[in-house]
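No hydrogens, no waters, no symmetry mates; every other heavy atom, side chains included, goes into these values.
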Amino acid sequence: MKTIQLETEGYQPPKSGLVLLQCLVGLLFFTFVIRFWYLQIHRGADFAQQAQANHLRQESVYASRGLIRDVKGTLLAENRPAFGLALIREDCKDISATLAQVSEWAGIPLEQLTNRFQQDRRKVKPFEPILLLNDMPFDQVARIEAQLMHWPGLEIVTRSKRYYPEGKEFAHILGYVAEANEQELAADPYLALGDTVGKQGLEYVFEQRLRGHKGLYNVEVDVLGRSLGKTLVEEPQNGENLQLCLDTKLQKQLAALLGDQTGSIVVMEPQTGRLLALVTNPSYDNNVFVGGLSQKDWVALRDDPFHPLQNRAIQSVYPPGSVWKLMMAGLFLKEGISPSFRVVCTGAVKLGNREFRCWRKGGHGAVDMIQSLLHSCDVYYYVLGEKLGIDRIESFAKACGFGAPTGIDLPHEKSGLVPSRAWKKRRSGEAWYRGETLNVSIGQGYTLVTPLQMANFVSSLLNGGKLMKPQLLVDAKPEVRGNIPFSEEARKLVLEGMRVTADVGTAKAAKRGPRRSSRSAWSASAGSVRRKWRIWSATTRGLPHTAARTERMWSLSSCWSTGAAAVRRPVR
C-alpha cells in the first residue's frame, strides 16, 4: 500500500474563502440595519399606531331615543333601562362551551343560540360585542354576573328599551321600534348590530330626529383584553323630543265609544289641519314588538281576520255612502244647478231594465238640495248625477282631495279610489255604464275613501275651502295642499244642509250625546264659520271584532258619520 505524504511547510490557504465570509457577514449586518431603519423610522409611526390600537378599543355610547308626548305633556313613548348579555369573540377562549353555558342560563335551545351567533359574527369585528340575550330580568342578570369571572368574553351590557305607556290607544300612530335587520344595516352605515330602528308609525317616519347620535369611549385594555379604564372621546347626543297634537283623554274616550266595533274615528281642526284624535279599532300592543315577537305571535297578529295591525283611518278604504252627497251637492252648484231645483222622488229610478231604489221605499216626494241632504234622498243624486256624467264627477271629486293621499306623516297611506272610464278600461277592459254613474253619485259602487280623507274634506268646507295637510306634531306649520272648487255660497249652503240634517234630519241622533258636554255644540251653522271648529269623521262595521265569523265580516255594510262641532272654549 502506498503512503501519501503532504508537505505543509510553505502552504498558503486560498484568500478567496476569507473574503467571501467577510462579505456574507457584512451583507447580513447591512440587512439588519436596513430592516431596523424600515421598522423604526420608515414604518415606525404606523406600527406605533397599531400598537396603540391593540392597547385601546373604541366603544359606542348609546344615545337615548327622543321622547314622545301628547298635546298636554302626557308621555306616550319613553326609554327604560334593559340588560343584555354580549360575547366578544377575541376575548373568548372556548366559544362552544360559552354558548352552551349561556343556553343553560337562559333556557334557550343551544342550536337556536348557535345559529344567532353564526349569523351575527359576520357582521362585527372580533373585538366588538355580539348580543346573545336582551331584555333580561334583574334576577337573571344578578345570577349570571356572579359567574362571569369564569367565562372570559362575556359581559353584561346596558341599553335603553322603548316603552309605550298607553299601548293600544296610540299603537297605530306611534308604531314601534325593533332590532335593525340586514337590509337596514346595509343601507345605513351609522347603524350597528343590535341597534333598534323605527319600523312603523311616527317612530319610522321621524327615525332620524328621534334616534340621536352615539358617543364614543376609548377603552384601555391589558394583554388579556380586560378593561383598565375608559376615556370619553365624544359625548352622545340624545334624540329630539316630539310633542303631538293628539289628546290622550279624547283618544281614550273615542276608543271607548267604539267599544268592540271595528272602525275608526278622526277629529281634526279645520284651520290648522291638527289632529286631536286618530282612533282605529281593533288595535294591538306595540310593546310586544320592542323585545322581539315570536313567530307564533306574529302569525297570529298577521292572520287575524280583523287586521289589528291595520290603521283604518288611513289604510282602510270604504264606500263613503251618503256623506259623499256633501261633495256631490257642491258639484251640482258649480255646474249651475239651482239649490231650489226639485226632483220628485217616488222611491226609485228606472234605467233600462234596472231599477235604482232610494233607501226610503215610498220615496220623499219633491225635494230640493237642502231637503235632499236633510233626508239623504238617493233619487235626487241619481237623477242629477246621471245628468252630469261620470267625467265631471271624477274631476270634481279629485279636486276635493279624494283619490289621493292627504300627506299625513304616517307610512302606507291609501289613496282611495275615484272611478273613471279610463280606470275601468284598465281594470277590466270594459266600457263605463250609465248605471255605474248612478252608484257613484250616492257614494257606492267602486268609490272608496279613507276616514281621514273625509274629515279633511269636511274641514275644507269650514276653513274657506283649503285642503290642509293633516298634522300630528304641535310645532308643524299649517300647510295648504290645495283648494276645493266650492264658491263661498256653495260652502255655506252645504253647511246649512249639514246643520238641518243634524237638527231634524237623518243625523239628528248625533246631537243627543255631545250636547251634554259644555265643551262644544254639535251643529254647524253656515253663518258662523269664523268660530273655532273641530271636525269628526267616523266609520264602523256592524260586526263586533270579538265575534268569530270571518265569512260574515265582509258581507256587512259600513256605517259612516261626519260632522263639525263649534268649540265654545279651548279643550283642556
Greater than 12 external heavy atoms within 6.0 Å of Arg434's CZ: no

Contact check, side chains of Ser322 and Ile442, non-hydrogen atoms, under 4.5 Å: no

Exactly one of Arg211, Arg65, Arg209 clears side-chain hydrogen bond (donor to acceptor under 3.5 Å, both in side chains) with Glu240, and that residue is Arg209

Tell me whether Tyr382 contacts the main-chain N or O of Arg357 through its side chain, where contact means a donor paired with an acceptor under 3.5 Å. yes

Polar side-chain atom of Gln371 near backbone of Asp368 as donor-acceptor pair, under 3.5 Å: yes

Give the intermediate values and the outcome of salt bridge (charged side-chain N to carboxylate O under 4.0 Å, His left out) for residues Glu169 and Lys249. CA-CA 10 Å; Glu169 274 76 15; Lys249 184 177 180 181; over 6 Å; no

Could you tell me whether the side chain of Leu472 reaches within less than 4.5 Å of the side chain of Leu410, counting heavy atoms only? yes

No-hydrogen, no-angle side-chain donor-acceptor test under 3.5 Å, Gln251 and Thr248: no

Of Phe332, Trp359, Trp324, Phe356, the one forming a ring-ring contact (aromatic ring centres under 6.0 Å, His included) with Tyr381 is Phe332

Flag side-chain contact, heavy atom, 4.5 Å: Met468 against Lys466: yes

The side-chain contact (heavy atoms from CB on, under 4.5 Å) partners of Ala404 (sequence neighbours excluded) come to none

Could you tell me whether the side chain of Asn287 and the main chain of Tyr164 form a donor-acceptor pair under 3.5 Å? yes

Could you check if a side-chain atom of Asn241 sits within less than 4.5 angstrom of a side-chain atom of Ile68, using non-hydrogen atoms only? no

Non-neighbouring partners of Tyr284 that pass ring pair (Phe, Tyr, Trp, His ring centres under 6.0 Å), sequence neighbours left out: His172, Phe289

Does Arg491 reach the main-chain N or O of Leu461 with its side chain, forming a donor-acceptor pair under 3.5 Å? yes

Please determine whether salt bridge (charged side-chain N to carboxylate O under 4.0 Å, His left out) holds for the pair Lys387 and Glu335, giving the CA-CA distance in whole Å, both sets of side-chain angles, and the decisive distance to 0.1 Å. CA-CA 11 Å; Lys387 179 180 178 181; Glu335 295 298 328; over 6 Å; no

Is any side-chain heavy atom of Leu493 less than 4.5 Å from a side-chain heavy atom of Ile370? yes

Could you give me the CA-CA distance, side-chain angles and deciding distance for Leu301 and Val299, then say whether side-chain contact (heavy atoms from CB on, under 4.5 Å) is met? CA-CA 5 Å; Leu301 272 175; Val299 170; over 6 Å; no

Within the supplied structure, the quantity of interest is the number of heavy atoms (other residues, nucleotides, ligands) at a distance under 6.0 Å from Glu355 CD; does it exceed 12? yes

Pick from Lys424, Gln444, Arg421: which one makes a side-chain hydrogen bond (donor to acceptor under 3.5 Å, both in side chains) with Glu436? Lys424

Show your working on side chain to side chain donor-acceptor pair (under 3.5 Å) between Ser376 and Lys325 and close with a plain yes or no. CA-CA 8 Å; Ser376 191; Lys325 294 171 184 175; 2.8 Å; yes

Examine distances only and state if a side-chain atom of Asn281 and a backbone atom of Ala255 form a donor-acceptor pair shorter than 3.5 Å. no

Any donor-acceptor pair under 3.5 Å linking the side chain of Arg354 with the backbone of Gly435? no

Any donor-acceptor N/O pair, Glu386 side chain to Val383 backbone, under 3.5 Å: no

Working for side-chain contact (heavy atoms from CB on, under 4.5 Å), residues Arg312 and Tyr318: CA-CA 10 Å; Arg312 284 174 164 78; Tyr318 309 92; 3.6 Å; yes

Going by atom types only, do Gln310 and Thr280 share a side-chain donor-acceptor pair under 3.5 Å? no

Between Met498 and Val458, does the side-chain contact (heavy atoms from CB on, under 4.5 Å) criterion hold? Intermediate values first, please. CA-CA 10 Å; Met498 292 176 67; Val458 177; 3.9 Å; yes

Heavy-atom count check: over 12 atoms from other residues, nucleotides or ligands less than 6.0 Å from Arg360 CZ? no

Would you list the pairs meeting ring-ring contact (aromatic ring centres under 6.0 Å, His included) in which at least one residue belongs to residues 419-440, sequence neighbours left out? Trp423-Tyr446

Please identify each residue that fulfils side-chain contact (heavy atoms from CB on, under 4.5 Å) with Ser64, with sequence neighbours left out. Asn79, Asn238

Looking at residues at least two apart in the chain, or sitting in another chain, which of them share a side-chain contact (heavy atoms from CB on, under 4.5 Å) with Gln471? Asp409, Lys469, Ala476, Glu479

For Tyr204, is there any backbone N or O sitting under 3.5 Å from a side-chain donor or acceptor partner on Glu207? no

Go through the steps for Leu246 and Leu276 under the test side-chain contact (heavy atoms from CB on, under 4.5 Å), then give the verdict. CA-CA 4 Å; Leu246 301 171; Leu276 304 184; 5.7 Å; no

Pairwise side-chain contact, Leu210 with Leu202, heavy-atom cut-off 4.5 Å (strictly under): no

Partners passing side-chain contact (heavy atoms from CB on, under 4.5 Å) against Lys398 (at least two apart in sequence or in another chain): Glu394, Val418

Looking at Gln315, is its backbone amide N or carbonyl O close enough to the side chain of Asn311 to form a donor-acceptor pair, meaning the two atoms are under 3.5 Å apart? no

Just by modelled atom types, is the Asp391 backbone N or O under 3.5 Å from a matching donor or acceptor in the Ser395 side chain? no

Checking Glu203, Glu179, Glu78 against Arg162 for salt bridge (charged side-chain N to carboxylate O under 4.0 Å, His left out), the one that qualifies is Glu203

Would the Phe486 and Phe396 ring centres measure less than 6.0 Å apart? yes

